[in-house]
Number of protein chains: 2
Amino acid sequence: MTGKRPTSFDIAALAGVSQATVSRALSQGGVVSEAVRQRVVDAAAQLNYTVDVNARKLRSKKINTIAVLISEDMDKTDSPINPFFMPMIGSILKYAGSKGYDVLVSLQKQSDNWGSDYGHARRADGIIFLGYNDYDTYTKKVAVLGEMGEPWVLWGPVIPEHPNLVIGSDNEGGAYSAVKHLIGLGRRRIAFLGEPSASHLEYKERFEGYVRALTEAGITPDPELMIDCFISREDGVAAIERLMSQGVAFDAVFAVADLLAVGAIQQLLRAGRSVPKDVSVMGFDDLWVCTCTSPMLSTVRQDTTEAAHVLVDALDVLISGHPVELKRIPTQLIIRESCGG
Amino acid sequence: MTGKRPTSFDIAALAGVSQATVSRALSQGGVVSEAVRQRVVDAAAQLNYTVDVNARKLRSKKINTIAVLISEDMDKTDSPINPFFMPMIGSILKYAGSKGYDVLVSLQKQSDNWGSDYGHARRADGIIFLGYNDYDTYTKKVAVLGEMGEPWVLWGPVIPEHPNLVIGSDNEGGAYSAVKHLIGLGRRRIAFLGEPSASHLEYKERFEGYVRALTEAGITPDPELMIDCFISREDGVAAIERLMSQGVAFDAVFAVADLLAVGAIQQLLRAGRSVPKDVSVMGFDDLWVCTCTSPMLSTVRQDTTEAAHVLVDALDVLISGHPVELKRIPTQLIIRESCGG
DNA sequence: CTGAAAGCGCTTACAG
DNA sequence: CTGAAAGCGCTTACAG
């Protein structure tokens, strides 16, 4: 529909130079006299010309594109993307864009044999994986990429034994500081709401922080207070229902994810308990929803902006052929109304 | 870093056919005998070969890529993307992917002279614009694309005078049904929280629905009940503060966006009013946060999944050179706890 | 159904 | 600093 797009030859003719010179004038490192460059730029503007990126990529073998592959969230019906990743994706788009990368975004089922495709077909120079937190599944996948020499980084649990290039939050430390804060408030019976599967290492790390804080305060972790849940608001509601129906006494809730904490607050209020007077509630993530509840939710913030920068920078380094170390990003305790004083 | 990628010539040699046949065997409409195709596919698998998408795009002139251009939200500090678009983007990724499109996503400032770039540089066959709801700004921009013959669709207010290809919700009808519902509950003093700028036509349409429902019920719209706000939780809080400090009596709130309604609920509770007993609250959008408040927020749902499908389908039709009509997607009234009975 | 050949629009040594 | 030429890896008429 576009009619005839002008090519570099058209610009060359109009500017009275060779096609090669047009190419030089319009690319980053091209050596041309300033006068000629100006003529070319004017001619390009006049004909509404832009470099054909596909020809450039083919010829130069530089793609300047990164792929963001997001694990499709099968639990959620409303949106296929985990809300935690939303601002992170936004920041990745913004930051990668500022570094001159185009960004391909794709949703993938964890089961598919995706991934290799993107780099392999020369669509992207490197891949950022988001939401692949099931250790058993993803390790095999990225191993393939490693063999192919495809640069990739993954957001997830940072563990030393892990094959390089994983970037994530200080989950244990974040959980520790949160629970320590609750203890400082005088809470002793702190319920733990979390993911049961042993392959979700991030949640396991948060559990370890919980245990450390309790132990340090001389409190013996009580299995009755530990509720296995998947990560959803509904599971948070159910967890509180279960604790109360079993008659388990508790004066605080630490949830491994804000979604759980949101559900917990709702169910506590519904049951006539006051938050934070009767029960303090603490989440993890600092989703945007934390400021929308009444009372507003205290939480452990994962810095998604910083995460995006670190991920893109690491991939950038990897693409240029240098090694990168795995990195743990500090969390920050955010105290709002749901904790009380 | 990847070493030598195999080309179609390598596959040809291995399979004992010509390079052209490899190309045919591996492309959609290629005519080849089944036996040969199998040999080629096997050879490709053996060498871990995938078609170089850049060469394919250059040669075939088919890009099979759509660009999603999102207006960067300057108001928000936490995330640069309006939360309303999050699930829509997810659905677009999913649906466009299922149709065989790659999806480039980019954040743009409304002021930039972006956009034309994407189609023009042969990066994308067409463009989906999200969040460009300032009528005055975007009309000029898309006009340029129109002249260039670049396919595009825009999510926004659907108005007959508008240059084609805009897809949006039935804003007037949605607001009408919401306010009518409040009136049916016995509410008479219904505050309107909305965006003041006349160029934000979607909000204007919702205002018109509000007025129509009131008028139809014989209630004269009262300017005292109409509060100008930008679209944020904070503005929702401020709006309620203002109404109460001015001593304006009201028994319901209709907000043009859930964000406002969330803030309204928070401030009403803080001021000791009961929701919904004293005041019914109704939002618009059906953001995911609606189920996270206490009480849960009633709202007018915009169907983001349907929207994504309609946008992608329309762009698809446009790309193939056929015309498309502007379309209005029905909204749905979602009654939750914040309305009362 | 298959092969030989041309060419998509660029970038980049190689000369000058 | 600039030009002529080769070639990136494919697709697609054109023959057969």
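What you see is a predicted model; the values in this text were computed from it and never measured. Computed from heavy atoms alone, side chains included, the values below leave out hydrogens, waters and symmetry copies. The chains referred to below are lettered A, B, ... by the order of the sequence lines, with proteins before strands, and numbering in each begins at 1.
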Quiz item: Taking the inter-plane angle between the rings of B/H309 and B/Y95 on a 0 to 90° scale, is it parallel (under 30°), tilted (30 to 60°) or perpendicular (over 60°)?
Solution: parallel
Practice problem: Indicate whether the side chain of B/S106 and that of B/Q108 have a donor and an acceptor atom separated by less than 3.5 Å. | Solution: yes
Exercise. Under 4.0 Å between any heavy atoms, over every strand shown, what does A/V32 touch: base, sugar-phosphate, or nothing? Just pick one.
Key: sugar-phosphate
Quiz item: Looking just at side-chain N and O atoms, do A/D125 and A/Y101 make a donor-acceptor pair shorter than 3.5 Å?
Solution: no
Quiz item: Given the C1' atoms of D/dT12 and D/dG16, what is the spacing between them in whole Å?
Solution: 16 Å
Quiz item: Would B/V103 and A/V105 satisfy side-chain contact (heavy atoms from CB on, under 4.5 Å), going step by step from the backbone distance to the final call?
Solution: CA-CA 6 Å; B/V103 183; A/V105 182; 5.8 Å; no
Quiz prompt | Verdict with supporting geometry, A/I70 and A/N82, side-chain contact (heavy atoms from CB on, under 4.5 Å) | solution = CA-CA 9 Å; A/I70 305 163; A/N82 181 335; over 6 Å; no
Exercise. Only one of B/L311, B/V310, B/D313 passes side-chain contact (heavy atoms from CB on, under 4.5 Å) with B/K327; say which it is.
Key: B/V310
Practice problem: Indicate, with a heavy-atom threshold strictly under 4.0 Å, whether B/K61 touches base, sugar-phosphate, or nothing. | Solution: sugar-phosphate
Quiz item: Which atoms form the tightest heavy-atom contact between A/A15 and A/A43, and what is the distance?
Solution: CB-CB, 4.0 Å
Exercise. Select from B/A55 and B/R24 the residue whose nearest nucleotide in DNA chain C is closer to the 5' end of that strand.
Key: B/R24
Self-check item: Step-by-step side-chain contact (heavy atoms from CB on, under 4.5 Å) determination, B/F84 to B/T304
Solution: CA-CA 8 Å; B/F84 169 67; B/T304 53; 3.7 Å; yes
Practice problem: Name the first nucleotide and the last nucleotide along DNA chain C (5' to 3') that come under 4.0 Å of a heavy atom in chain B. | Solution: C/dC1 to C/dG9
Quiz prompt | Pair pattern of DNA chain C in dot-bracket, where unpaired bases get dots and | marks partners in another strand, Watson-Crick or G-U under 3.5 angstrom | solution = |||.||||||||.|||
Exercise. With side-chain contact (heavy atoms from CB on, under 4.5 Å) as the test, would you mind laying out the steps for B/E150 and B/I127 before giving the verdict?
Key: CA-CA 8 Å; B/E150 281 294 335; B/I127 302 176; 5.5 Å; no
Quiz item: At their closest point, which heavy atom of A/G100 faces which heavy atom of A/N64, and how far apart are they?
Solution: O-OD1, 3.1 Å
Quiz item: Which sits closer to the 5' end of DNA chain C, B/R59 or A/S60, going by the nucleotide each is nearest to?
Solution: B/R59
Quiz prompt | Under-4.0 Å salt bridge between B/D10 and B/R5 | solution = no
Quiz item: In residues 14-23 of chain B, which ones come under 4.0 Å of DNA chain D, going by heavy atoms?
Solution: B/Q19, B/A20, B/S23
